[in-house]
Amino acid sequence: MRIRDVNKVELVKEKAIELLVKVGFEGFTMGKLAKECGISVATLYIYYKDKDDLILQVGMEETERMSAMMLEDFDPEAPFAVGLRQQWKNRAKCMLGNPLSVQMMEQLRTSTYQEKIFERLIETFKSTLGKFMHNAVQRGEIEAMPLETYWSVAFAPLYNLIRFHNEGRSMGGRPFVLTDDVLWGTFDLVLKALKK
């Protein structure tokens with residue numbers, strides 16, 4: 001059995017993400033990936049059992065990497081405004097710095113791979129953000145609400161701003177670049193909507 005070449009594995013992951021975003025799951029093949037990497041198809045099978053195994057492994061590793069970035073320096077015991085601001089800062093930095101990974105994760109979220117890839121992520125976020133919400137409710141900073149409602153109000157505006165930024169245009173096709181003023185102005189509106 002050949003030893004895994006760490007540099008080659010990283011190249012395969014990088015090219016797999018690029019190719020998945022470019023051609024989707026249906027157009028993605030081990031042959032196309034090998035060509036993009038400049039390696040043989042046989043080399044891919046040293047690292048992965050098949051296409052599904054590759055997509056699952058790359059998806060899980062990238063999801064875990066990005067979720068760690070999103071939770072960096074986040075304290076579920078922090079006051080609500082402080083904790084939510086840290087979440088916005090982390091998520092914006094993560095998503096703006098990794099646009100291809102964000103697109104791949106969005107594709108994964110609506111695919112048959114969703115359950116296996118996001119299972120651990122959901123539990124981590126649910127427990128961390130659940131504790132954060134519980135603390136904020138106990139302190140009287142926000143009303144109790146379902147996690148899905150909280151997420152929709154707290155983060156959907158941020159995700160839309162980032163999507164507009166990554167696409168370079170907003171609704172109606174107007175040019176759009178996300179600025180700090182727009183980001184934190186939107187955050188202030190979200191905070192106002194959530195606080196008691």
Given 3.5 Å as the limit, does a donor-acceptor pair link the side chain of Glu36 with the main chain of Lys15, or not? no
Write down the atom of Ala78, the atom of Phe132, and the distance for their closest heavy-atom approach. O-CE1, 3.7 Å
Do Phe176 and Leu161 pass the side-chain contact (heavy atoms from CB on, under 4.5 Å) test, and can you show the C-alpha distance, the side-chain angles, and the key distance before you say yes or no? CA-CA 9 Å; Phe176 182 83; Leu161 289 174; 3.9 Å; yes
Please report the shortest heavy-atom distance between Val102 and Met66, naming the atom on each side. CG2-CE, 3.7 Å
Evaluate Leu33 against Val12 for side-chain contact (heavy atoms from CB on, under 4.5 Å), listing each step before the verdict. CA-CA 7 Å; Leu33 179 58; Val12 167; 3.9 Å; yes
Determine whether a donor-acceptor pair (N or O, by modelled atom type, separation under 3.5 Å) exists between the side chain of Asp73 and the backbone of Gln86. no
Full working for side-chain hydrogen bond (donor to acceptor under 3.5 Å, both in side chains) between Asn166 and Arg163: CA-CA 5 Å; Asn166 286 341; Arg163 182 174 50 84; over 6 Å; no
Looking only at the side chains, is there a donor atom on one of Ser40 and Thr43 sitting less than 3.5 Å from an acceptor on the other? yes
Test ring pair (Phe, Tyr, Trp, His ring centres under 6.0 Å), reference Tyr113, set Phe28, Phe25, Phe118, output is Phe25
Audit row: Val177, His165, side-chain contact (heavy atoms from CB on, under 4.5 Å) steps and yes/no: CA-CA 5 Å; Val177 174; His165 177 82; 3.8 Å; yes
Is it possible for you to say whether Tyr48 and Met60 belong to one hydrophobic cluster, with membership spreading through side-chain heavy-atom contacts below 4.5 Å? yes
Start with the C-alpha distance between Tyr150 and Leu194, add both sets of side-chain angles, then the distance that settles side-chain contact (heavy atoms from CB on, under 4.5 Å), and finish with yes or no. CA-CA 8 Å; Tyr150 169 75; Leu194 286 169; 4.1 Å; yes
What's the shortest heavy-atom distance between Lys13 and Glu10, and which atoms? NZ-OE2, 3.0 Å
Flag if over 12 foreign heavy atoms under 6.0 Å of CZ, Arg169: no
For Gly31 and Val41, work out which heavy atoms get closest and say how close. CA-CG2, 3.8 Å
Nearest atoms (heavy-atom pairs only) where Leu71 meets Asn90: C-ND2, 3.8 Å
Rounded to the nearest 0.5 Å, how far does NZ of Lys89 lie from SG of Cys94? 13.5 Å
Rounding to 0.5 Å, atoms CG (Leu108) and CD1 (Ile117) come to a distance of 4.0 Å
Verify, without hydrogens or angle tests, whether Trp88 (side chain) and Trp184 (backbone) share a donor-acceptor contact under 3.5 angstrom. no
Quick check for you: to the nearest 0.5 Å, what is the distance between Leu19 atom CG and Met30 atom CE? 11.5 Å
